[in-house]
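All remarks here apply to the structure that follows.
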Amino acid sequence: MTEQTATVEIPHHHDETGTRLGFWLFLYTELFLFAAFFLIYAVYRSNYLVEFRTAAESLNTGIGTQNTIILLASSLTMVLSLNALKAGKARMAKTFLQFTITLGLAFLVIKGFEWGAKFDHHLFLQTTKGIAAGEGSLLLNPSAEMLPVGQVLFFGLYFIMTGTHALHIVIGLIWMIIVYVWISKGSINPDNYGTLERCGLYWHLVDLIWIFLFPLYYLVA
Amino acid sequence: MNGATSVFVSDVDFSFWLIFIISALCLVGITGFVIFSIIKYNRKNNPEPTHIEGHTGLEIVWTVIPTILVMFIFYFGMKGFIKMRSVPENAMEIQVDAGMWWWKFTYPNGLEQTTGQGLTVPVDTPIYLPLHSVDVIHSFYIPAFRVKMDVVPKAEGEKLNYTWFEAGKPGDYDLFCAEYCGLNHAQMLSKVHVLSQEDYDAWFAEASKAQAKLKSESPGKALLISKGCIACHSTDGSKLIGPSLKGLIGKTETVLTDGAERTITVDDTYLRRSLNEPAADIVKGFQPLMPPLPLTPQEVDDLIQYIHELSEETAE
Amino acid sequence: MKDIFKSINVLNPSIVFIVLVLLTITTVLLSGIDVSDSTAVIIALAVASIKAALVLTYFMHLNHEPLVFKVFLGVAFFTLLVIFLLTFSDYSFREMS
Amino acid sequence: MEPSQSGSYLQSHTSSRWTKGFMSWFMSTDHKRIGIMYGVSMFSFFGLAVLLGFFIKLQKLFPAASGWEIIPPELYGSFFTLHAVIMIFLFIVPGAPAILGNFFLPLQIGAKDVAFPRVNLLSYWLYLFGAVMAVAGIVLGGADTGWTFTPPYSVTTKTISLFGFTVDSVSWMLVATFILGWGTILTGINFIVTIHRMRAEGMTFFKMPLFTWSIYATSWLQVLATPVVGITLLMIVIERILPVGFFDPAKGGDPILFQHLFWIYSHPAVYIMILPSMGLISEIIPTNSQKSIFGYKSIAIASCSIAGVGYLLWAHHMFTTGISDFAAILFSFLTFLVAIPTAIKVFNWTATLYKGSIVLTPPMLFALAFIFNFSIGGLTGMFLGSLSTDIHLHDTDFVVAHFHYTMFGGAAFGIIAGIYHYFSKMFGKMYSMKWANRSFIFMFIGFNTLYFPMLILGFFGMPRRYHTYPDIPVYNNLQMLSTFGSWILVTGVVLVLGTWIHGLIKGKRTTEQNPWNSSTLEWQTATPPTLFNFEEAVVVTREPYDYHGFREDVKNGKAAGVIHD
Ligand code: HEA
Ligand code: HEA
Ligand code: CUA
Ligand SMILES: [Cu+2]
């Protein structure tokens, strides 16, 4: 046998539809991951209706709406980017992708400010019974006034759900940057756009989840 | 088990034996058929298999029959369960508290019984038991009565889990904790004493009097029992899960504070801290297992007072 | 410019986008109306579901996918529904004090 | 030069540095090699868990009053937790799909590989990483929460440090489980797509072998259930690290909600464990009776309905927690529904034996033992599904016996049967029949001696997760009997593993394509299979278990097989 450098890859005919089907299945796992959060939210909301509504009032609907529209717009540019690439316009695809990345970043920045304001008001990690105090967390300000448990749960969920969502945005952004580089290099091109397509699907899913997060946190106060 | 030790026994055991008989018949049938086949249709005896793909009629039969059987099983299980969840109006209420790793039973007049003393109840009287836990989930289990319910800690304002029973025969029965709750889960054992009505009345009067006396004479000692401290601390110098409370005052000890060792002498300030924030100083050689217990300042003072008394006893 | 629009199909996604924005504004405005809590939640979730359906169908191209994709989506959503309903078979029937 | 097509997949196909020896396995995307790697890793972890189980039983030989203490109570908690975490998350949940599914699923449907070979390798790496992490947990102090991680205990328990480390080993264990979950999810996705997109020509859904059907149903459960538990476990980690409350009532949470979320995954997970083994049994029984399986379609549909209905009954683990009475009754009712498709399967297997031509090969012995043990396991499930009896039996040794009968007597016996069945195809070697039969006798007797007494113990109220037990004569005698059983059983395990290792090293070489004369597709290829599984494109015309047609084909030289006359 002669010298061979590459690993033996099983030559396997490329099945775009199959890959996409698999990717959709992966998206469902993401969906179920958030579903667990939504379930927890639903149960605690029904247990602590009043506290949840009071707590929700401290969230800024304006910022939320703004962010929703930003994400929707980024979804639109994502679609356009894919359409452009399919039509053979790689340059234009890159431009649209730039838009998407910028909008994604804008979402994160706004979210960052929103979180920052919450931290300043010590809305994070307060417990009624002061159990946390003994555990020496740096994040806790023991002198701050304690919130009712229902509100603590609300903010705990708010932070973990929007936090997980933001994490997905970050992953999406990194992925888009990689895709961007690959389009520049030509390895993603009008004949081979599967990666951009999947990246887009992922991004739309992130948008989809926000579509549900938004009313549940900002609107039903 | 013989006789009806509690009102649930007949329902539960009826269901049990019903399922048992159905199961045994199924199992014997299946195993019998397998053994019959491997003998009769062994390759030596039967080298040519017969081609059979299926038989719709048969398949319908063995879909329908199990369906009917399981619905029977379901019905009787549900019947027994509904009884377990329906507390009679006239039931006598005894509050059950549980913690790591003790039980406490509080009677309507405030009489408190703990792990070692057990739960004493009159025969033929329904007893309603709200179940409350101060730390993790425990489970209140009396095998002989077929009674089990988890003792779940609840957030403020939420309804407690509950159970009830009516004992049918005087005697002593085991009471277990059936939900894993840490190191001493297997030792969270107590007893149920079922007494005839007269015996119970006599016992109740006696016990209430004794407790009132203890409370007035040595409130600290009473607290030690009612707060469940004695589950982990002895008063005679022997080492349990926590250090003994005997001869504590003035003792020099090595403790771990925030991971760093330091040597202290036990005094009131240290004790106060030990009681209010058990995790702050960990006595060397022990695990950080002591739960933060809700104690009022008055109770803390009483406890410290009693720990002093214990130390004086040794000095004598 | 014009043929770019034609060749890469900007129009349809843009229309979808505008509808989505309008729906967002609608739901914000609707949240101002004073109705009972459960009605508010139902309205908010209904609008969100319409938006989600639009994103799925047009942005994620479900309308162009073979049948299996839709069946899979159905299985996933049905399972979700079951999980929620069965969990609430507990919480809705708990006796609260 | 093209990589050699005709050589067995076991040979190295290149001689580059990275593709020789260990690396040619560790970096391989060949589904067959990945399957074997899973097998070897699982073996190793499994050995550790058996040892832990053995010690758990040894500890219970005598009651507390006798002063007998083999394992101190601090360790007992970590022992049964690690025992269960390994057995469940490292062995029995991924087991059959990862080892035998990987190897035989593509072979059974006439595909060259799975749909995403590289993702498949990634799954394996995730598995290995998570597994090593979980096992390292015991060195770092050991979590003592039980595999159910029930809060608030799991939130408040302090890590008991054994060797001076101060790692939060509960969180550690939870993160490990989360990582393992992703390995499983990716495998599931891979298999679903493979089955949908890569079937050979002519292989319609209702021509797929039943093992493939069962893997299909399993994969769906893996994809749709695992993420829920993954995130729930992470919330416990967050709750441990940050002072925020999700499940701890002291912070407003509801610990019962955690149990809902946990069992939403973990109940379907029990069907993830049993379905592939059921699939294996559906292969072994027709082969060893030389007869078409009874009611092929209803078994295939039953697999899917078990998966579907299996989603709806999680709260039967929570009857004593104080869920609403309505929910308890509803879930009890739904629990009984799942018994029906299972009953159909059991009856169809037994009916297949009727008028067959039965040989008691080692895989057949294990398969028949599966039917017996699993029937006991499943029937004891009826006692637990029925409300009033469950109140009594919950969290007693009865439950422990129930799930060992299903998971071990069922699922693990199925895997063992499957490996005995496919051994020569996988390795091109044959084990010693004599020792295989001996191992069976020890396993079967040991198993029932170990667990049957635990059923009775449970009826007498012996709670589970007890480090020791009160000095009551019934308990003493039965516990002792059960411990004796564990010794016989462990001998059996040693014999099984020994037979395999001996077979691998010293076994008789064989290239016989179809030694058991089985009618399904995976036997119509070289032994061991070549790199691309099939020399020529596969066209399927026959039903999978059409032994009549199969015999004709063999006689006409159109299929590989041996006709015994
Ligand atoms: C492989 C794993 C596996 C399988 C297949 C099953 C199958 C079943 N299990 Fe089991 N179970 C576990 C693993 C498994 N279980 C584990 C691990 C636990 C404990 C977890 C823990 O707490 O740590 C558990 C616990 C458990 C409980 C909770 C007990 C408690 O804690 O209180 C219940 C309650 O309903 C239950 C029920 C069932 C039922 C109804 C089935 C059914 O699917 C069984 C169906 C099968 C049959 C019925 C037998 C075959 C049919 C016939 C022979 C035909 C004739 C039958 C009739 C006429 C009825 N199981
Ligand atoms: C698959 C699951 C599995 C298996 C095989 C086992 C095997 C064993 N179990 Fe396990 N056990 C659990 C899962 C399992 N256990 C779980 C989930 C719990 C609950 C823990 C908790 O409460 O949280 C538990 C708890 C548990 C307890 C109760 C602890 C308590 O509540 O206090 C006991 C006590 O007797 C016990 C004993 C044993 C023994 C002696 C063995 C073994 O020693 C018996 C020997 C094993 C074999 C003979 C297996 C043979 C299989 C093969 C050889 C196949 C190999 C194939 C490949 C690797 C490819 N186990
Ligand atoms: Cu308390 Cu176990
Ligand atoms: Cu279950």
* Structure fact -> Rounding to 0.5 Å, atoms OG (D/Ser388) and CG (B/Asp11) come to a distance of 6.5 Å

* **chain D interface, residue from B/Met71, B/Met100, B/Lys40 that has the most non-hydrogen pairs under 4.5 Å** => B/Met71

* Highest number of heavy-atom pairs under 4.5 Å with chain D: which of B/Cys177, B/Pro66, B/Ser133, B/Ser139? -> B/Cys177

* To the nearest 0.5 angstrom, please state how far the CE atom of D/Met382 sits from the SG atom of B/Cys26. => 10.0 Å

* **Residue pair B/Ile142, D/His392: steps toward the side chain to side chain contact (heavy atoms under 4.5 Å, CB included) verdict** => CA-CA 9 Å; B/Ile142 309 168; D/His392 176 50; over 6 Å; no

* Asked: Is it true that atom CZ of B/Phe36 has more than 12 heavy atoms of other residues, nucleotides or ligands lying nearer than 6.0 Å?
  -> yes

* To do: With a 4.5 Å cut-off on heavy-atom pairs, point out which of D/Thr380, D/Ile344, D/Thr150 contacts chain B the most.
  => D/Ile344

* Asked: When you look at D/Phe336 and B/Thr67, which way does the side chain to side chain contact (heavy atoms under 4.5 Å, CB included) test go after all the steps?
  -> CA-CA 8 Å; D/Phe336 284 107; B/Thr67 312; over 6 Å; no

* Asked: Is the backbone N or O of B/Asn46 less than 3.5 Å from a side-chain atom of D/Ser357, with the two atoms forming a donor-acceptor pair by type?
  -> yes

* Relative to chain B, which segment of D/Ser332 carries a heavy atom at a distance below 4.5 Å: side chain, backbone, both, or neither? -> both

* Structure fact -> Okay, D/Ile329 and chain B: the region with an atom under 4.5 Å from a heavy atom over there is both

* For the candidates D/Glu543, D/Met462, D/His394, D/Arg464, which exhibits the highest count of non-hydrogen atom pairs separated by less than 4.5 Å from chain B? -> D/His394

* **Contact leader toward chain B among D/Tyr354, D/Phe372, D/Phe319, where contacts are heavy-atom pairs under 4.5 Å** => D/Tyr354

* Sort B/Leu189 into side chain, backbone, both or neither according to what part of it lies under 4.5 angstrom from a heavy atom of chain D. => side chain

* Heavy-atom pair count under 4.5 Å with chain D, highest-scoring of B/Pro153, B/Gly80, B/Gly29 -> B/Pro153

* Is the closest side-chain heavy-atom distance between B/Ile19 and D/Ser386 below 4.5 Å? -> yes

* Residue part contacting chain B, namely of D/Pro72, when any heavy atom lies under 4.5 Å -> neither

* Among B/Tyr162, B/Phe145, B/Phe74, single out the residue with the greatest number of heavy-atom pairs under 4.5 Å to chain D. => B/Phe74

* Which residues satisfy the side chain to side chain contact (heavy atoms under 4.5 Å, CB included) test with B/His55, sequence neighbours excluded? -> B/Leu58, D/Phe294

* **Pairs of heavy atoms under 4.5 Å with chain B: top-ranked of D/Ile340, D/Ile376, D/Leu360** => D/Ile340

* Asked: Relative to each other, are the rings of B/Phe176 and D/Tyr475 parallel, tilted or perpendicular (30° and 60° limits)?
  -> tilted

* Relative to chain D, which of B/Val151, B/Leu131, B/Ile73 shows the most heavy atom pairs under 4.5 Å? -> B/Ile73

* side chain to side chain contact (heavy atoms under 4.5 Å, CB included) evaluation trace for B/Tyr141 with D/Thr396 -> CA-CA 10 Å; B/Tyr141 182 29; D/Thr396 64; 3.6 Å; yes

* **Interface moiety of D/Leu393 toward chain B, non-hydrogen atoms closer than 4.5 Å** => both

* More than 12 foreign heavy atoms under 6.0 Å from CZ of D/Phe333: is that the case here? -> no

* **Whether D/Tyr466 and B/His185 hold their rings parallel, tilted or perpendicular, with breakpoints at 30° and 60°** => perpendicular

* Return yes when atom CZ of B/Phe33 has more than 12 non-hydrogen atoms of other residues, nucleotides or ligands closer than 6.0 Å, and no otherwise. => yes

* **D/Thr321-B/Asp150 side chain donor-acceptor pair, cut-off 3.5 Å** => no

* Structure fact -> Answer key: most heavy-atom pairs under 4.5 Å with chain B among D/Ile391, D/Val359, D/Asp546, D/Leu353 is D/Ile391

* Minimum side-chain heavy-atom gap D/Thr145-B/Tyr180 below 4.5 Å -> no

* Of D/Thr389, D/Asp390, D/Asp325, the residue whose pairing with B/Phe81 passes side-chain contact (heavy atoms from CB on, under 4.5 Å) -> D/Asp325

* Structure fact -> The interface call for D/Leu368 against chain B, heavy-atom contacts under 4.5 Å, is side chain

* Asked: Where does D/Ile293 contact chain B at under 4.5 Å (heavy atoms): side chain, backbone, both or neither?
  -> backbone

* Contact class of D/Val346 relative to chain B, heavy atoms under 4.5 angstrom -> side chain

* Structure fact -> Honestly, the part of D/Asn348 sitting under 4.5 Å from a heavy atom of chain B is both

* For the residue pair D/His548 and B/His51, does the interplanar ring angle fall in the parallel (under 30°), tilted (30 to 60°) or perpendicular (over 60°) class? -> tilted

* State, with a plain yes or no, whether a side-chain heavy atom of D/Ile358 is found less than 4.5 Å away from one of B/Asn42. => no

* For side chain to side chain contact (heavy atoms under 4.5 Å, CB included), just list the numbers for B/Glu179 and D/Thr320, CA-CA rounded to whole Å, side-chain angles, deciding distance to a tenth of an Å, and then say yes or no. => CA-CA 10 Å; B/Glu179 178 70 45; D/Thr320 64; 5.8 Å; no

* To do: Could you tell me whether B/Tyr128 atom OH has more than 12 heavy atoms of other residues or ligands within 6.0 Å of it?
  => yes

* Asked: With a 4.5 angstrom heavy-atom cut-off, which part of D/Tyr76 approaches chain B: side chain, backbone, both or neither?
  -> neither

